[in-house]
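Working notes for the structure below.
First the proteins, then the strands, lettered A, B, ... as listed; each starts at 1.
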Amino acid sequence: MSRSMEKIVALCKRRGFVFQNSEIYGGQNGFWDYGPLGTELKRNVRNVWYEDMVQSHNELLLQDGAPVKFQMVGLETSIIMHPQVWKCSGHYDLFHDMMVDCRETRGRYRLDQVRVRRVSCNEKTVPGQLDGTPPDSIRDGDQKEFEHVIVASTAEEFQEDLTAEALRVFGLKKKYADRVQWDGDATTLDRIAEADFAYVVAPGASRAGSFTAPREFNLMFKTIIGALGSSEDAAFLRPETAQGIFVNFRNVADSTRVKLPFGVAQIGKSFRNEITPRNFTFRSREFEQMEIEFFCHPEQSRDWYTWWRDHRYQWYQRLGISPDRLILRDHEASELAHYSVGTADIEYAFPFLEDGEYGELEGVAHRGNFDLRSHMEGKLAKNDNGELEVEQDEQGQPVHRGSGKDLSYFDDQSRERFVPHVIEPSAGADRATLAFICEAYHEDAQPDEHGKPQERTVMKFHPRLAPVKAAVFPLIKKEGMPEKAAEIFGELKAAGLNCHYDQQGAIGRRYRRQDEIGTPFCITVDGDTASDNTVTLRDRDSLEQIRVGADRIVQEISDRLKV
RNA sequence: GCGGGUGUAGCUCAGUGGUAGAGCACCACGUUGCCAACGUGGAUGUCGAGGGUUCGAAUCCCUUCGCCCGCUCCA
């Protein structure tokens, strides 16, 4: 059995699951379109998630292993939000940087974090590129010796480190530190002219001019609000749907009579300017998230975290993902975001990864009260004691002001007021869809009409996810079979089931066509149907056929879809 | 972002300067009638895009875009 990504991608295109975006114009890196079958599949992924998490969740029953009963509600917030949302959430500061790369050491630095200082040394020079050559157009052979250079450091003790760098680039021993002649004070890289980059020796680099021109790294998509909008009207396309839930916490709590603990679920598009979109739809710049923010009492939050982590891990398995290819990985303490008490990834062994490597499908994060507090008080940062407090500028003002609105919760049973803690199971709809596609892909050998084994490609989608639920065939194109098959097809459609009708070509070929798109059931009207009103029902995976009364077929299919 | 590979029919690919091809798939008719392989006929391409060299470019050169692999990056 071969599960190569190449074959899966080819099938996705051939049968209309996934197309390259704007393909006729040469494509657009990081963006993908879903074809007719992919649209059905992804819609099923979203619907199954929403049904399982929200619509069929029974708040009157205690869920297996859950600390207490809880409620779940849905929300749909807009993609563009007030710019302050992203300042308080921390995305603005973390995403909006001028960066330079060193072509020699392959280091990448934030422009404002690189300390630089002009320096020279009598009779010593540093190799670099031709005077005035823009750093991006250096060719080998354009080399030249510089008497004056600019050394760089990212160390916290930058004064000492700049000296060390100067000695290093001039090839001097430590005791000759007094031979180095400084020209002006240390400054940061963003304060020197780009033309002078030719003289900058990057940390650890052997020659000057290895930095690229500064580039703005903004992982958030910028947009302009208003037809006459200028740059002051800049806004962002959300990089996650979660913030829409946090800023509506008060609204949801006030309008629905929900009591803690409760979860708010949202499905929607998000956008990130990924540096390297790759691996088919896995890392896309426009993608869809299925997120839950679960609000609970701080004392219960750790129990809820493990419950949600395990609960979500089970969900993928119930929909057919093999535990052999699915792992639950707890983050190391060093991997945790600054606000997080614990995070686990649910990861899948995608075929484009090496053996033993996994790609993230969903992150389940314990976010503490970071988000609600940030939107109340302003952007938070950890102080020296490791506690979160509002980040302040030199004047003691908040770097990013919060809403000032009270987002705490009053528990009228315990008469207690507190800011809820949040557990965030955040799943990628496109990644889940891709995982279900990869997991479904099978090649096997099935005997043909002569009993000879023939290769078969079959997508073994879980029936709830399968884009087409059933196909209806007349065995032959005459003797009233097409009419009877069309009648059954009509009944299935009327029951809301996405079905195919096919009378084209040999019956075996029609079965194989359905196998390749993962249709779990095929219904065939044959010569016996006219006399006893039964049809054959063929199972995709076992190839078994049973006879079912034509008047029971809709019920039979519906039952089999509720696995 | 860097390096390597690659792009020709819906799909898989052949075609190294001289009339754009094959297999599969697709459509029509006939045949067979429960697991893709029958017959006859049919439609299918700005050879990824733009520019250049040439009498002539899928083929050579330059630029650009996508995809794949490795490195880098990934709040």
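- Listed nucleotides: B:G33, B:G66, B:C35. Nearest to the side chain of A:Arg512: B:C35.
- Each of A:Val9 and A:Leu475 lies near RNA chain B, and the nucleotide nearest A:Leu475 is the one positioned closer to the 5' end.
- Listed by chain and number, the residues in a ring-ring contact (aromatic ring centres under 6.0 Å, His included) with A:Phe473 are A:Tyr511 (sequence neighbours excluded).
- A distance of about 6 Å separates the C1' atoms of B:G7 and B:G48, rounded to the whole Å.
- The CD-P distance, from A:Glu516 to B:C11, rounds to 13 Å in whole Å.
- Separation of the C1' atoms belonging to B:A49 and B:U6 is 16 Å when rounded to the nearest angstrom.
- The same atom, P, is picked in B:G51 and in B:A57; the two are 13 Å apart, to the nearest Å.
- Atom OG1 of A:Thr281 and atom CG of A:Leu434 lie 4.0 Å apart (nearest 0.5 Å).
- As rounded to the nearest Å, B:A58 and B:G50 have C1' atoms that lie 16 Å from one another.
- Among pairs with a residue in residues 532-546 of chain A, those fulfilling salt bridge (Lys or Arg N to Asp or Glu O under 4.0 Å) read A:Asp515-A:Arg538, at least two apart in sequence or across chains.
- B:G18 is paired with B:C55 under the Watson-Crick or G-U wobble criterion, all donor-acceptor distances under 3.5 Å.
- Using a cutoff of 4.0 Å between basic side-chain nitrogens and carboxylate oxygens, A:Arg509 and A:Asp502 are not scored as salt-bridged.
- The environment of A:Arg14 atom CZ is dense: over 12 non-hydrogen atoms of other residues, nucleotides or ligands sit within 6.0 angstrom.
- Atom CZ of A:Phe19 and atom P of B:C67 are 16 Å apart (whole Å).
- Nucleotide B:C67 forms a Watson-Crick or G-U wobble pair with B:G5, both donor-acceptor distances falling under 3.5 Å.
- Remark: A:Arg401 does not engage A:Glu377 in a salt bridge, criterion side-chain N to carboxylate O under 4.0 Å.
- Aromatic pair A:Phe295/A:Phe249: ring centres closer than 6.0 Å.
- When each of B:G33, B:G10, B:C34 is scored by its nearest atom to the side-chain atoms of A:Lys13, the top-ranked nucleotide is B:G10.
- Here A:Glu556 pairs with A:Arg560 in a salt bridge; the nearest charged N to carboxylate O distance falls below 4.0 Å.
- Taking the centre and axis of the six-membered ring of A:Phe271, the NZ or CZ atom of A:Arg238 falls outside the cone set by 45° and 6.0 Å.
- Contacts of A:Asp515 with the nucleic acid, taken as non-hydrogen atoms under 4.0 Å apart, are absent.
- Atom-to-atom, CD of A:Gln20 to P of B:C68 comes out at 9 Å; the value is rounded to the nearest Å.
- Rounded to whole Å, the separation between the C1' atoms of B:C2 and B:G17 comes to 34 Å.
- In this structure, OH of A:Tyr511 is placed 13 Å from C1' of B:A36, rounded to the nearest angstrom.
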Where do A:Val201 and A:Ile150 land on the side chain to side chain contact (heavy atoms under 4.5 Å, CB included) test, with the steps shown first? CA-CA 6 Å; A:Val201 185; A:Ile150 300 169; over 6 Å; no
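- B:U12 and B:G70 are spaced 26 Å apart, taking the C1' atom of each and rounding to whole Å.
- Rounded to an integer number of Å, the gap from CG of A:Leu353 to C1' of B:C69 is 13 Å.
- In this structure, A:Lys460 does not pair ionically with A:Glu439, as no charged nitrogen and carboxylate oxygen lie closer than 4.0 Å.
- The side chain of A:Phe352 lies closest to B:C69, out of B:C34, B:C11, B:C69.
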List, with names and distances, any nitrogen or oxygen atoms from the protein found under 3.5 Å away from nitrogen or oxygen atoms belonging to nucleotides 23-28 of chain B.
from: B:A25; atom 1: OP1; to: A:Arg509; atom 2: NH1; distance (Å): 2.9
from: B:C26; atom 1: OP1; to: A:Arg513; atom 2: NH1; distance (Å): 2.3
from: B:A28; atom 1: OP2; to: A:Gln504; atom 2: OE1; distance (Å): 3.4
from: B:A28; atom 1: OP2; to: A:Gln504; atom 2: NE2; distance (Å): 3.0

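- The aromatic ring centres of A:Phe282 and A:Phe280 sit 6.0 Å or more apart.
- Contacts between residues 476-484 of chain A and RNA chain B, defined by a heavy-atom separation below 4.0 Å, involve A:Ile476, listed by number.
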Hey, mind stepping through A:Arg329 and A:Glu360 against salt bridge (Lys or Arg N to Asp or Glu O under 4.0 Å) and telling me if it holds? CA-CA 10 Å; A:Arg329 191 177 66 83; A:Glu360 181 184 345; over 6 Å; no
Listed pairs, N/O of protein and of nucleotides 46-48 of chain B, under 3.5 Å:
none

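- Within the 6.0 Å centre-distance limit, the rings of A:Trp308 and A:Phe294 are counted as a close aromatic pair.
- In the set B:G33, B:C34, B:C35, B:C34 carries the atom at the smallest distance from any side-chain atom of A:Ile507.
- The distance from atom CD of A:Gln545 to atom C1' of B:G33 is 13 Å, rounded to the nearest whole Å.
- With rounding to whole Å, A:Asp502 atom CG is found 12 Å from B:A36 atom C1'.
- Residues from residues 280-288 of chain A placing a heavy atom under 4.0 Å of any atom in RNA chain B, listed by number, are A:Phe280, A:Arg283.
- With a cut-off of 3.5 Å on both pairing distances, B:A25 has no Watson-Crick or G-U wobble partner at all.
- Between B:G45 and B:A20, the two P atoms lie 13 Å apart (nearest whole Å).
- Evaluated for a salt bridge (charged side-chain N to carboxylate O under 4.0 Å, His left out) with A:Lys269, the options A:Glu291, A:Glu286, A:Glu240 yield exactly one hit, A:Glu286.
- Ring-plane geometry between A:Tyr348 and A:Phe350 is classed as perpendicular, the angle between the planes exceeding 60 degrees on a 0 to 90 degree scale with a lower cut at 30.
- B:G33 is unpaired under the criterion used here, namely a Watson-Crick or G-U wobble arrangement in which both key atom distances are under 3.5 Å.
- Base-pair partner of B:A43: not found among the strands shown (Watson-Crick or G-U wobble, both distances under 3.5 Å).
- RNA chain B is contacted by both A:Pro474 and A:Arg14; A:Arg14 maps to the nucleotide lying nearer its 5′ end (nearest heavy atom per residue).
- We find that CG of A:Asp526 is positioned 13 Å from P of B:C35, with the value rounded to whole Å.
- For the C1' atoms, the distance from B:C27 to B:C67 is 31 Å, rounded to whole Å.
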